[in-house]
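Every chain is numbered from 1, with letters handed out A, B, ... down the list of sequences.
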Protein chains: 2
Amino acid sequence: MAAIGFDPHDHSACISSTLRQAETYCAEHKLKLTPIRRRALEILLAEHRALGAYDLLSHFAAEGLGSAPPVAYRALDFLTSAGFAHKIEGLNAYIACAHLGSDHAPAFLICTACKSVAEAETEASDGRLGAAARAAGFQIDRIVVEALGLCPTCQDAA
Amino acid sequence: MAAIGFDPHDHSACISSTLRQAETYCAEHKLKLTPIRRRALEILLAEHRALGAYDLLSHFAAEGLGSAPPVAYRALDFLTSAGFAHKIEGLNAYIACAHLGSDHAPAFLICTACKSVAEAETEASDGRLGAAARAAGFQIDRIVVEALGLCPTCQDAA
DNA sequence: GTCGTTGATGTTATGATATAACAATGGAGT
DNA sequence: ACTCCATTGTTATATCATAACATCAACGAC
Ligand SMILES: [Zn+2]
Ligand SMILES: [Zn+2]
Ligand SMILES: [Zn+2]
Ligand SMILES: [Zn+2]
């Protein structure tokens, strides 16, 4: 379970392989990766950072695509529903999935200094919280796990 | 580790004992539980639900206290800094701490149907995520854990 | 006691995030 | 060609949060 994001890697390969996986997934599941959706994913993939909906929107505007908020939110809804992107609740921002293909419960390491985000994976039904939920009779749909702190680079800078 | 919130209990005792603990804590730490801060805590304590800042604000307004947003946000900043309340990131809302006194890493069970929230406790440095962070050289300050789903009552209703 | 500092509060204005509602388009199937 | 339905475009508005500055009261220094 590597925490992709803080380590150096071949990023253009990282982008193109994820795009290919997204295309395959859409073909298999009758989903349409339209130009604007594909472009949104590319923009998110360009950095291992979370972007706000309005950040995405300004990319769109600069490229002559739609420039009203719903355009960005709809693309993000599609990407998150399909599992191609995740919302970072603690930042009100969105990031491309770093583990496309594996059916995963994401956990994020979020640097509060430089906003870079690494995606790790949690255990499917992590012990304690799952136990508490069961004891309370609570039925879990989705679990948000976000660790806020400092990435290696920003620790060195401090 | 009880997940306080969904089970019936003596709620007025729950409120008054928490308020007393908050007073004690403030006295020990030279913090000022001013009337508006105390009132904010009372309002949050009245329900085991998360309230938005503007919900709190309308209570204030109805009681002749300040009615501009910063009044609510400042009270909430104080309560969260002191550990008397937590922000629920997934709802952009705030809830009184259900485990005041214990030094804890909160985890929440959030009913998406009725918005009620139970507060459980996680292990201090839970295995997997802590391990991933260590491997990445990431220094964790705070962990957000929020489970979204259905509370027992809303499951029955469905 | 007065003065200056400090933290709390009040207020106006604005910024940032997100959705409602409806019109226009355009392909898939008939 | 026609209909259906998902996607996209656009306007307007709702919701969440902070900046900036004025006022005030508590408290210690002098
Ligand atoms: Zn992922
Ligand atoms: Zn960093
Ligand atoms: Zn708590
Ligand atoms: Zn419920």
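Here the C1' atom of nucleotide C:dT17 and the CG atom of A:Leu51 are 15 Å apart, to the nearest Å. Rounded to whole angstrom, the span from the CG atom of A:Leu76 across to the P atom of C:dT17 amounts to 12 Å. Taking atom CD1 on A:Ile36 and atom C1' on C:dT25, their separation rounds to 14 Å, with Å as the unit. Computed from coordinates, the A:Lys30 NZ to D:dT7 C1' distance equals 19 Å when rounded to whole Å. Straight-line distance from the CD atom of A:Glu89 to the C1' atom of C:dT17: 12 Å, rounded to whole Å. Per the geometry, CD1 belonging to B:Ile88 stands 14 Å off P belonging to D:dC16, to the nearest Å.
In this structure, the nucleotide among D:dT18, C:dT19, C:dT9 sitting nearest to the side chain of B:Tyr73 is D:dT18. Distance from the side chain of B:Asn92 is smallest for D:dC16 among the nucleotides D:dT7, D:dC16, C:dT9. Listed candidates were C:dT11, C:dT9, C:dA20. Nearest to the side chain of A:Pro70 is C:dA20.
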| said: Evaluate B:Asn92 against B:Lys87 for side chain to side chain contact (heavy atoms under 4.5 Å, CB included), listing each step before the verdict. | reply: CA-CA 7 Å; B:Asn92 293 319; B:Lys87 178 172 186 182; 4.2 Å; yes

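Two residues, A:Ala68 and B:Asp55, neighbour DNA chain D, and the one matched to the more 5' nucleotide by heavy-atom proximity is A:Ala68. Nearest-nucleotide assignment on DNA chain C puts the 5′-proximal partner with B:Pro35, out of A:Pro69 and B:Pro35.
The shortest distance between the side-chain N/O atoms of B:Thr34 and the OP1/OP2 oxygens of C:dT9 is below 4.0 Å. Contact check, A:Tyr94 against C:dA18: a side-chain N or O comes under 4.0 Å of OP1 or OP2. Between D:dG9 and A:Arg74, no contact under 4.0 Å exists linking OP1 or OP2 to a side-chain N or O. A close approach under 4.0 Å does not occur between any side-chain nitrogen or oxygen of A:Lys32 and OP1 or OP2 of D:dC5.
We find that B:Glu42 and B:Arg39 are joined by a salt bridge, their nearest charged nitrogen and carboxylate oxygen being less than 4.0 Å apart.
Within 6.0 Å of atom CG in A:Asp103, 12 or fewer heavy atoms from other residues, nucleotides or ligands are found, so the atom counts as exposed in its surroundings.
Judged by distance alone, with hydrogens and angles left aside, A:Tyr54 brings a side-chain donor or acceptor within reach of the base of C:dA18, the pair sitting under 3.5 Å.
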